[in-house]
Amino acid sequence: MPKIKTHKGAAKRFKFTGKGRIRRNRAYAGHLFLSKSAKQKRRLRQATIVDPSNEKRLKRLIHQ
């Protein structure tokens with residue numbers, strides 16, 4: 001079997017935390033900020049953890 005290559009698009013978007021979970025940035029933070037509340041914009045700046053249902057698939061793409 002050949003080695004699995006790292007998916008470079010995924011590697012740029014996701015990082016591993018110290019405990020091995022996967023961190024991601026939030027969607028909807030690119031434009032159209034006038035219609036979003038200050039609370040929503042503040043929350044969009046903060047990264048969050050990937051849902052456990054997607055973790056296995058992402059670990060295969062980035063395989064740390």
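Just so you know, residue 1 is the first one in the sequence shown, and it goes up from there. This one's a predicted model, so the numbers in the text were calculated from it and none came from an experiment.
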Please output the side-chain donor-acceptor pairs of residues 1-13 that fall under 3.5 Å, not counting sequence neighbours, one pair per line with the distance.
{"unit_1": "H7", "atom_1": "ND1", "unit_2": "G9", "atom_2": "N", "d": "3.3"}
{"unit_1": "H7", "atom_1": "ND1", "unit_2": "A10", "atom_2": "N", "d": "3.1"}
{"unit_1": "R13", "atom_1": "NH1", "unit_2": "G9", "atom_2": "O", "d": "3.0"}

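- Under the rule for a side chain to side chain donor-acceptor pair (under 3.5 Å), the partners of S53 that lie at least two apart in sequence or sit in another chain are D51.
- Between A29 and L44, the shortest heavy-atom contact is CB-CB, 3.9 Å.
- Evaluation of the salt bridge (Lys or Arg N to Asp or Glu O under 4.0 Å) test over residues 19-41, restricted to residues two or more places apart or in two chains, returns R21-E55.
- With contacts defined as side-chain heavy-atom distances shorter than 4.5 Å, the pair T17/I49 qualifies.
- Residues satisfying the side chain to side chain donor-acceptor pair (under 3.5 Å) test with R45, not counting sequence neighbours, are none.
- Remark: N25 pairs with no residue by the side chain to side chain donor-acceptor pair (under 3.5 Å) rule, at least two apart or across chains.
- Here the CG-CZ distance, from L58 to F14, works out to 4.5 Å after rounding to the nearest 0.5 Å.
- Within 6.0 Å of the CZ atom in F33, the count of heavy atoms belonging to other residues, nucleotides or ligands exceeds 12.
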Test side chain to side chain contact (heavy atoms under 4.5 Å, CB included) on K59 and I22 and set out the steps.
-> CA-CA 8 Å; K59 281 185 178 175; I22 303 174; 3.8 Å; yes
